[in-house]
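Note that this is a predicted model, so its numbers are computed, not measured.
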Amino acid sequence: MAGISAKAFYSSSRKKKEQGKLSLSRAEQLLMAIADNSEVEDFSDGDNDDNDPAVDEVALHDVDLMTVEPQPDDSEDDYSPPDSPGNDSDEEYSPPDAAEDSDSENESEPQYPQMQKRGRKQQRVENDELDEDDQGRGEPRAEPRNAGRGERWRSAPFTPNLVQFHVEEDELIEERAGWQPLDYVEQYIDSELMKVIADCTNAMYLANSGRALNTSVDEIYHFFGAAILMSCVPYPQTRMFWSNALRIPAISDKMSRDRFFKLRSHLKVVIDDDVPEDKRKTDKFWKVRPFMNCILTGCRLQAHPECVSIDEQMIPFTGACPFRQYVPLKPNPVGMKNFVLASVDGIVLDFEVYQGSKTLGLQVQDSDGLGLGALVIKRLSETLTAGTKVYCDRFFTTTLAVDLMLKNEIYLTGTVMKNRVPQAVKKLPDDKTLKRQGRGASSTVTRADGKLCVVKWYDNKPVVMLSTVHAEQPEDTCQRWSKKDKTYVTVTRPSIVREYNSKMGGVDMSDRMMSYYRMSVRTKKWTIRMLMHFTDLALANSWLLYRKDNRENGTPRKSIMKFLEFRMVVAQMFLSKCDVLHKNARVTEAENEHGHLLPPGKKSRVTPIPHVSVRSSAAHLPEMVGLQNPMRCRAQGCSGKSRVRCMTCNVHLCLQSERNCFAAFHSGQ
């Protein structure tokens with residue numbers, strides 16, 4: 001329609017109002033089309049078009065497709081639409097002779113295309129920011145909008161064509177026949193890892209403070225043994241383990257309280273300067289990566305069964321951390337998020353600590369277009385063999401992830417959100433229909449290719465499940481509590497529900513074992529919290545594998561150690577590796593902080609000087625002493641610093657060009 005002036009339009013609209021009462025929304029739509037000078041059909045001609053819904057629908061569609069900002073016509077009456085960018089007035093515009101209809105038409109007043117476009121763009125930006133941060137569990141990154149739209153579903157029996165799972169032989173099952181608790185733990189934490197911790201801790205402490213910490217592998221073993229034992233005997237405060245009334249000799253006799261806290265504060269598993277800058281940017285957990293890799297290697301050594309589960313695990317930490325997550329409805333909702341692959345018995349087989357969907361996408365091949373759930377499943381299924389059955393909850397289950405796993409001959413089962421299988425939900429009965437049928441009612445639909453089925457089951461509320469291996473048949477019965485009757489009732493249960501409930505609790509079992517005796521340390525450093533968490537994970541894995549081996553070997557139940565006893569045995573073995581305290585640990589700590597004096601309130605241990613007859617008659621050999629922490633000379637009247645130590649008398653003496661205290665001391669002068 002050719003452009004006309006606003007005056008001509010309003011004069012025609014007055015006549016139209018007398019005949020059919022042109023509405024405000026219709027007037028604004030036509031004005032927008034006129035202002036754009038686009039060729040739009042004139043819907044105002046005719047007497048019956050005003051009330052034709054088809055005409056309104058077409059007009060609205062044409063307006064929504066407009067992407068060019070409307071420009072006012074160069075007529076004598078300059079018109080600016082309400083709330084447009086060029087209109088500074090706060091008053092709403094109403095055409096002449098339409099004031100009496102404004103109240104009734106304001107409710108249906110449409111937004112202008114530019115405003116709608118801006119709102120949609122802003123919403124997309126907010127969603128993108130949420131994907132980048134992924135704070136909290138929330139919803140995983142959405143799939144494409146047309147995902148699952150073109151799928152066809154039918155009510156037909158589901159007959160999956162499965163690949164036979166080849167049982168993986170456990171290479172260490174014969175070797176584990178005579179293993180002790182410490183042998184199970186050394187699959188994850190061995191002496192090489194302890195040596196790395198000791199070396200890195202010494203190097204970083206010296207670089208940061210300029211003083212030597214002088215810790216050793218035995219002392220690191222003692223530290224971890226003490227921390228494990230403290231978790232078995234929980235005191236309200238860690239300092240109470242060194243109190244006179246409640247002290248535990250196995251802990252306090254071999255390590256002082258201050259030494260324990262000092263080691264805990266400066267524990268390191270990597271030398272910062274050795275980590276390149278590009279690795280620091282791509283890996284947020286580079287400070288604890290060697291320790292995590294050692295635990296991960298031990299987890300991957302375990303035999304992978306036919307049925308595994310994938311779920312979230314929280315590493316509790318409430319301090320300052322840039323990648324801390326909040327996952328509601330968890331026992332510890334605040335902390336670092338860890339995605340775990342576990343067996344039915346609760347043994348952790350693989351894990352991936354979450355540090356953002358973008359970082360996770362870099363670790364997975366062909367990650368374009370995959371949501372967070374599909375990325376996690378693809379990453380954790382890298383070590384799985386063909387024929388494995390994976391169970392997960394609705395956070396991970398999508399049709400895209402199912403098709404992705406089917407290419408690798410891995411079969412996925414789990415609960416699913418209704419909006420992820422919209423076409424299948426349309427074929428299933430609605431919630432009210434199933435509720436009328438009663439508890440236990442279910443229905444199944446199968447995808448057209450026959451590789452996927454969706455089952456809807458009504459218990460206390462409707463549950464939608466998706467699987468490539470299980471379906472509704474064969475059904476069985478289960479006992480459910482009825483709030484109305486205050487008793488247990490028998491409910492029909494589909495096969496997919498039974499298999500899901502029996503195979504999904506692996507990660508929960510691991511979490512439960514770790515929560516019993518968690519190594520809880522009050523620290524502001526997330527690195528220490530991570531080290532303690534994965535030590536707990538290694539202990540839980542070790543005990544679960546120990547119990548499994550003993551059950552398979554026919555060991556009586558009473559002869560199998562409980563988890564608490566298992567942890568205490570491991571703690572005692574760690575503590576026994578440090579029977580004699582590192583000879584310089586206590587002295588060096590005092591020297592570094594207070595020169596040659598010990599802290600106030602502590603009596604110094606004075607080495608007795610041998611008698612002059614012993615000094616003169618015995619064979620005395622000097623031992624060179626390093627210049628980093630020189631001791632004071634023990635000769636009478638000398639205030640200098642020693643350079644040698646007598647190996648027989650154990651006395652530090654000067655050996656200088658202007659003064660030879662070593663010779664004078666042994667000659668009795």
Trainee: Does any non-hydrogen side-chain atom of Asp350 lie less than 4.5 Å from one of Arg379?
Mentor: yes
Trainee: Salt bridge between Asp183 and Arg176, side-chain N to carboxylate O under 4.0 Å?
Mentor: no
Trainee: Under the side chain to side chain donor-acceptor pair (under 3.5 Å) rule, what do Ser495 and Arg498 come out as? Steps first, then yes or no, please.
Mentor: CA-CA 5 Å; Ser495 174; Arg498 179 183 68 252; 3.2 Å; yes
Trainee: Decide yes or no on side chain to side chain donor-acceptor pair (under 3.5 Å) for Ser231 and Arg567, but give the supporting numbers first.
Mentor: CA-CA 9 Å; Ser231 66; Arg567 290 179 67 102; 2.9 Å; yes
Trainee: Kindly assign one of parallel, tilted or perpendicular to the pair Trp179 and Tyr184, based on the angle between their ring planes and the thresholds 30° and 60°.
Mentor: perpendicular
Trainee: Given the side-chain rings of Tyr188 and Phe534, with only the six-membered ring counted for Trp, is the space between their centroids under 6.0 Å?
Mentor: no
Trainee: Out of Phe317, Tyr354, Phe285, which one pairs with Phe323 under the ring pair (Phe, Tyr, Trp, His ring centres under 6.0 Å) rule?
Mentor: Phe285
Trainee: Under 4.0 Å between a Lys/Arg side-chain N and an Asp/Glu carboxylate O for Glu219 and Arg259?
Mentor: yes
Trainee: Check the orientation of Trp242 and Phe261. Use parallel for under 30°, tilted for 30 to 60°, and perpendicular for over 60°.
Mentor: tilted
Trainee: Using a 3.5 Å distance criterion without hydrogens, assess whether the side chain of Thr415 forms a donor-acceptor pair with backbone atoms of Arg394.
Mentor: yes
Trainee: Aromatic ring centroids of Tyr516 and Phe563 under 6.0 Å?
Mentor: no
Trainee: Considering residues, nucleotides and ligands other than Glu552, do more than 12 of their heavy atoms fall under 6.0 Å from its CD?
Mentor: yes
Trainee: Could you tell me if Lys577 sits above the aromatic ring of Tyr221, with its cationic atom closer than 6.0 Å to the ring centre and no more than 45 degrees from the axis?
Mentor: yes
Trainee: Are Asp345 and Arg547 within salt-bridge range, i.e. N to O under 4.0 Å?
Mentor: no
Trainee: Tell me if the OH atom of Tyr235 is crowded by more than 12 foreign heavy atoms within 6.0 Å.
Mentor: yes
Trainee: Verify the neighbour count for atom CD of Gln479: are there more than 12 heavy atoms of other residues, nucleotides or ligands below 6.0 Å?
Mentor: yes
Trainee: Report the C-alpha distance between Asp199 and Lys195 in whole Å, list the side-chain angles of each, state the deciding distance to 0.1 Å, and finish with yes or no for salt bridge (charged side-chain N to carboxylate O under 4.0 Å, His left out).
Mentor: CA-CA 6 Å; Asp199 294 342; Lys195 187 177 185 306; 3.0 Å; yes
